[in-house]
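One structure is given below, encoded as structure tokens.
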There are 2 protein chains.
Amino acid sequence: METDGRSRRREDTRQRLYEAAVELIAEQGFSATTVDDIALRAKVAKGTVYYNFKSKTDLFEELLRHGVGLLTEQFRLAVEGLPPREALRALIRAQLEYIRRYRAFAQLLLSEMWRTNREWQQTLILLREQAIGVIARTVQEGVDSGDLPAELDVRVASAALFGVGLVVAVDWLVFQPDRAIEDVEESLLAIVRRVA
Amino acid sequence: METDGRSRRREDTRQRLYEAAVELIAEQGFSATTVDDIALRAKVAKGTVYYNFKSKTDLFEELLRHGVGLLTEQFRLAVEGLPPREALRALIRAQLEYIRRYRAFAQLLLSEMWRTNREWQQTLILLREQAIGVIARTVQEGVDSGDLPAELDVRVASAALFGVGLVVAVDWLVFQPDRAIEDVEESLLAIVRRVA
DNA sequence: GTTTTTGAACTGACCGGTCAGTCTAAAAAG
DNA sequence: CTTTTTAGACTGACCGGTCAGTTCAAAAAC
């Protein structure tokens with residue numbers, strides 16, 4: 001039933017809906033994006049949207065879970081077995097790679113992450129915690145092992161690293177898409193050299 | 001005529017509308033915020049919104065102009081007569097002060113700045129250019145005078161500095177509002193020490 | 001034969017924008 | 001000083017369009 005043809009097909013439809021939704025919402029925002037638009041872009045009937053998700057908000061929340069889940073996964077893979085400072089660089093690279101690959105999702109995240117009073121806010125805070133958690137553990141190890149300055153506030157530094165990577169990378173994609181990723185990585189490292 | 005009672009009153013109304021709109025849009029986004037909400041919070045009739053602005057979008061654009069104009073102004077005042085490196089620190093401090101004072105506007109800017117395909121995008125790009133321009137001139141001076149590393153890409157570095165300040169500060173206001181601004185300034189400086 | 005998708009019609013709440021009319025401070029007329 | 005006129009500022013009911021969500025019979029996929 002997992003690898004069953006039917007559920008694979010369904011998963012495929014959901015995937016297409018995610019992709020359509022993510023692009024539209026990144027461009028226009030959640031409220032300005034209509035369910036009809038999403039269905040149209042995903043080349044799916046409107047009924048299908050509601051067969052697969054219980055509401056527009058639900059689709060969006062699942063989307064957030066899906067996207068941030070992938071990012072967190074990449075973070076985990078990136079740091080695996082590496083010593084703190086190397087791990088930190090690996091994290092930055094992983095974040096850049098991820099953002100390049102899922103540009104629209106990154107844009108969307110940047111737009112929604114620091115908003116307040118929206119229905120999905122709690123979901124987002126939780127997901128944020130998971131992703132930043134991976135960074136925080138690495139920073140903590142660095143501080144413990146003396147590789148990083150002891151006066152570093154782990155929570156602040158981790159959140160800052162996450163945010164900095166996000167803006168710089170999205171800024172790159174939006175305003176200077178021709179630059180090579182290596183350039184961007186270099187610029188980013190130049191900026192955060194003190195902690196990474 | 002300028003200080004006439006009527007135009008003062010009108011200016012007052014516009015100000016109230018700005019404040020109401022900025023808060024609501026920062027929380028919920030442009031599309032999710034209704035003109036009725038804005039009017040209600042500003043304690044003004046809906047018609048008054050349309051008496052003062054030609055449309056909801058127009059109100060928002062004027063708001064952007066107003067807010068970014070103030071920021072750019074602060075930037076200009078901050079760097080006046082200072083040598084590059086000091087000027088750069090003054091810029092960071094000015095940005096933090098501004099964001100603390102106009103928290104909602106900063107949030108809104110963070111949410112909207114890297115969005116594409118919205119009607120007001122061109123306006124925002126222009127305004128962004130003005131604000132970052134002040135930073136860029138300072139960085140350029142620093143590179144020219146040898147105070148900053150010659151290999152620094154001025155455009156990238158300036159945009160990055162602007163973005164970094166914005167996320168770190170907003171993140172601070174949203175997730176750790178109890179921290180003193182000095183702490184945040186320190187963290188920020190620790191991160192960007194390489195260029196500032 | 002069961003699950004998934006289609007497609008089109010429909011509903012009702014909501015929302016941007018309009019407009020005819022009210023209020024009032026102050027200028028003009030007496 | 002008192003009355004009248006003017007016009008800028010504001011009001012709120014209303015209209016037309018839009019959109020999330022529902023329904024369902026029939027087709028397609030497995």
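Protein chains get the first letters and strands the later ones, always in sequence-line order, with residue 1 at the start of each.
Side-chain nitrogen and oxygen atoms of B/N52 include none within less than 4.0 Å of the OP1 or OP2 phosphate oxygen of D/dA9. Contact between the side-chain N/O atoms of B/T48 and the OP1/OP2 oxygens of D/dA9 is not found at any separation under 4.0 Å. Checking the phosphate oxygens (OP1, OP2) of C/dT5, no side-chain nitrogen or oxygen of A/Y51 falls inside 4.0 Å.
Under a cut-off of 6.0 angstrom, the local environment of CD in B/Q130 is crowded, with over 12 non-hydrogen atoms contributed by other residues, nucleotides or ligands.
Distance NZ (B/K43) to P (D/dC10): 16 Å, rounded to an integer number of Å. Computed from coordinates, the A/R14 CZ to C/dT3 P distance equals 17 Å when rounded to whole Å. With rounding to whole Å, A/E11 atom CD is found 18 Å from C/dT3 atom P. If you measure from atom CZ of B/R10 to atom C1' of C/dT24, you get 16 Å, rounded to the nearest angstrom.
Taking the six-membered ring where the residue is Trp, A/F60 and A/W120 present perpendicular rings, their angle passing 60° and hence far from 30°. Note on ring orientation: taking the six-membered ring where Trp is involved, the planes of B/Y18 and B/F53 are tilted (angle from 30° to 60°).
Listed for the B/Q74 side chain is no donor-acceptor partner under 3.5 Å among the backbone atoms of B/Y98.
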Produce a footprint string for nucleotides 17-24 of chain D: one letter per nucleotide, 5' end first; B if the base is under 4.0 Å from any protein heavy atom, S if only the sugar-phosphate is, - if neither.
-> --SBBB--
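Remark: B/K56 qualifies as a cation-pi partner of B/F30 under the 6.0 Å distance and 45° angle criteria applied to the six-membered ring.
When the nucleotides D/dC10, C/dT5, D/dT11 are ranked by their closest atom to the side chain of B/V44, D/dT11 comes out on top.
For residues 117-132 of chain B, every residue pair satisfying the salt bridge (Lys or Arg N to Asp or Glu O under 4.0 Å) rule, not counting sequence neighbours, is listed here: A/D171-B/R128, B/E129-B/R155.
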